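FYI, the numbering just counts along the sequence from 1. Bear in mind the structure is a predicted one, so any value in this text is a computation, not a measurement.
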Amino acid sequence: MQSFEIDKSDVLKVKNAILAGDETLKIVLEEYHASEIAILFERLDKSEQRHIINLLPAEIASEIISEMDEESHPEDLLFELHPDKRTEIVEELDYDDATDIISQLEDHEQKEILEDLTEDHASEIRNLLTYDEKTAGGLMNTELICVNINLTKKDAIDEIIRQSEEMEEFYTIYVVDDDEIFKGIVSLKDIIKAKHNAKITELVKVDAVYVHPDTDQEEVANLISQYNLTSIPVIDDHQKLLGRVTFDDVIDVMEAESTEDILKISGVSEDEELSGNWVEAVKSRLPWLIINLGTAFLASSVVRYFDPTIKLIPSLAAYMTIIAGMGGNAATQALAVTVRRISLYDLTDKQAYRTVLKEFTVGLINGASNGLIVFIFAYFFDGNPMLGLVIFLAMTGNLVIAGITGAGIPLILKRVGIDPAIASSIIITTFTDVFGFLLILGLASKLLL
């Protein structure tokens, strides 16, 4: 089965079905999975979205809203629905999904929705709303299967059956004592295979990995990936079980974190929505471009300083752009690899040193290789071996600087508590431009004049 992609024919089919009437629309919608309808919503206007949501049963409607992309603003669609329909949908959602959507609304809108819910649902969602959305507490679902450590196999199975009636699916069974203190996990397979008179205390795995509610979402994702978990328990400072974070939530986190890093490295604010208009794009990017303009003036001042050298050797102007451009590309490569490494691992001092040393070596080899190519070009095209030597040395030196800064700058920023993806690209571009111009023009002044 292939992943679903928006197709004009699908959008047209749904739009025509809306015009044809509800019976026709129901038949057409049956051809699509809820997640596919959520994708189609990207091409439908709000009135068409509301029409479909109102037509479908709350169970399917809730799945569609939970699958909608964040930039499609499912919270606005939910709030615009009739209160009765809205309440049905929210109570069908998992607590974590409901919280994620409701948290995007204004305080008075949140209050209006919560007041219509049952006390249990409202209480659970209010509790989850207190956590930062980018932490384990913000990701967790309080619905889980939990058994007492002192239960027998038979009693545990009865308890699992009872609790599972309220849940669509579960991956792990959590174990607590009489005081609700987390004791570990046990698999359903181990319970079923155990002897009839076995107790949960004999089956529990006490060395289970867990997180606290304030654990950063990226760390949660790393732990689930590292230990190949389907879910991870969230416990408080008193070791009491609060909820669980499942792997499907982590997939969304990893996608969001990767997108955030890409935008930051490119000098784009994480607040800019990919589907946003040009006004939002300008507001997001202009400040970074102005900062970059300031660093560009610094590089241009180096060129101004060596203006007499350029006038005497005009061909340097052409090679300057090559040196600076290659340095910027090499630094971006080193930066991307290092930022990704930082996001995946908590690098020790020794590992950080090896990372910089590796990029130094890569820069030296790549610089010498590219420098040799330009040396040969300069020798045959300009007929000046000394000019070729200057370019060779400048290329090698700037790619070494690119490797060191591309790896070193994000590591330094991380050490001082600054997100390495935010400012690294501007800093390393400044380094490679300034030193690229300085190397070629400085060497030319010493060796060619």
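With V14 as reference, I18 is the one residue of I18, D10, V11 to meet the side-chain contact (heavy atoms from CB on, under 4.5 Å) rule. Tested against R50 for a side-chain contact (heavy atoms from CB on, under 4.5 Å), the candidates D45, L44, L77 yield a single pass: L77.
Residues L114 and I125 are in side-chain contact: their nearest non-hydrogen atoms beyond the backbone lie under 4.5 Å apart. At least one side-chain heavy atom of L411 sits less than 4.5 Å from a side-chain heavy atom of V356. Residues Q333 and E359 fail the side-chain proximity criterion, which asks for heavy atoms closer than 4.5 Å.
With sequence neighbours excluded, no residue satisfies salt bridge (Lys or Arg N to Asp or Glu O under 4.0 Å) with K358. Residues meeting the side chain to side chain contact (heavy atoms under 4.5 Å, CB included) test with S225, sequence neighbours left out: none. A search for ring pair (Phe, Tyr, Trp, His ring centres under 6.0 Å) contacts involving Y353 returns nothing, not counting sequence neighbours.
By the 30° and 60° cut-offs, the orientation of the rings of Y210 relative to H212 is perpendicular.
Summarising the geometry, atom NZ belonging to K240 is positioned 7.0 Å from atom CD belonging to E180; distances are rounded to the nearest 0.5 Å. Between atom CD of residue Q49 and atom CD of residue E42 there is a gap of 9.5 Å, rounded to the nearest 0.5 Å. The line from CD of E59 to CD1 of I89 is 12.0 Å long, rounded to the nearest 0.5 Å. Taking CD1 of I391 as the start and CG of D382 as the end, the distance is 7.0 Å to the nearest 0.5 Å. Between E133 atom CD and L128 atom CG the span is 13.0 Å, to the nearest 0.5 Å. The distance from atom CD of Q104 to atom CG of L78, rounded to the nearest 0.5 Å, is 12.0 Å.
With Y174 as the aromatic partner, R244 does not meet the cation-pi criteria of under 6.0 angstrom to the ring centre and within 45 degrees of the ring axis.
Minimum heavy-atom separation, Y131 to G138: CB-N, 3.6 Å. T405 approaches P410 most closely through the heavy-atom pair O-CD, 3.6 Å.
Taking a 6.0 Å sphere around NZ of K46, one finds it holds more than 12 heavy atoms contributed by other residues, nucleotides or ligands. Counting non-hydrogen atoms of neighbouring residues, nucleotides and ligands closer than 6.0 angstrom, the CG atom of D307 exceeds 12 such neighbours.
Checking side-chain atoms of N384 against main-chain N and O of L387 turns up a donor-acceptor pair under 3.5 Å.
Of the charged side-chain nitrogens involved, none lies within less than 4.0 Å of a carboxylate oxygen, so that K111 and D107 do not count as a salt-bridged pair.
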